[in-house]
Structures are given as C-alpha cells and as structure tokens.
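Below is one structure, written out as structure tokens; comments come after it.
Computed from a predicted structure; not experimentally measured. Values reported hereafter were calculated over all heavy atoms of this structure, with side chains retained and with hydrogens, waters and symmetry mates removed.
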Amino acid sequence: MDEARDHYLLIDVGWRGNERIRGCVIHVDIKDGRIWIQYDGTEYGVANELVDLGVPKEDIVLGFRAPYRLPDTGFGVAVEPGLSAQ
C-alpha cells in the first residue's frame, strides 16, 4: 500500500509445489476521487464487490479497459492524464 499516493496492490507470492509463484492479483488507484481498477485477477471482480458495498458505478473506472471502451462498461468514464479517449 502507498496511502500517500493512493496506490494499492494485492500480490500473491509463494510456492506451489516446487514452482515459485508471484504476481499481481489486484491493482487499484484512487484518482480524482474515483476508484481506478488497473488490474483485477479475481473471479467475481473488484468492481462488483465495490458496487455490492454501495459504491456508485460512476465512481469506479475500469482502468484496464481501453479509454474508447469505457462508455460501454456501465462504470465510470474518465481518461488518465496524457491519454486520449479515442
């Protein structure tokens, strides 16, 4: 967690038998008061969990989607600085 910059990661690190595993499970940022889901490796979905907890869909941005596809997600629409919506 980097609470000062509002970056949050959940990572999986360990062993599966003789194989070393590591990787990002969830990556979430808070930008301009919105929750940006940058990566979601969960089955149900972080966005769905947040909606179930009462977070309005317009306050959740699926950052792993291309900017031009955001209007079709049913969630918030925002463009990261430096990126075009088209």
Euclidean distance, His7 NE2 relative to Gln38 CD, rounded to 0.5 Å: 9.0 Å
Minimal heavy-atom distance between Tyr8 and Glu3, with the atoms involved, is OH-CA, 3.8 Å
The reported gap from CD1 in Ile11 to CD1 in Ile26 (rounded to nearest 0.5 angstrom) is 12.0 Å
Salt bridge (Lys or Arg N to Asp or Glu O under 4.0 Å) contacts in which one or both residues fall within residues 4-25, not counting sequence neighbours: Asp2-Arg5
What residues, two or more places apart in sequence or in another chain, satisfy side chain to side chain contact (heavy atoms under 4.5 Å, CB included) together with Glu43? none
Are any side-chain N or O atoms of Asp40 and backbone N or O atoms of Thr42, one a donor and one an acceptor, separated by less than 3.5 Å? yes
Report all side-chain donor-acceptor pairs from residues 48-65 shorter than 3.5 Å, counting only partners two or more places apart or in another chain.
{"from": "Asn48", "atom 1": "ND2", "to": "Tyr44", "atom 2": "O", "distance (Å)": "2.7"}
{"from": "Asp52", "atom 1": "OD2", "to": "Tyr44", "atom 2": "OH", "distance (Å)": "2.7"}

CZ-CD1 distance between Phe75 and Ile37, expressed to the nearest 0.5 angstrom: 7.0 Å
If Ile, Leu, Val, Met, Phe, Trp and Tyr residues are connected whenever their side-chain heavy atoms lie under 4.5 Å apart, and connections chain through other members, are Met1 and Val46 in the same group? yes
Single-linkage hydrophobic cluster Ile35~Leu10, side-chain heavy atoms < 4.5 angstrom: yes
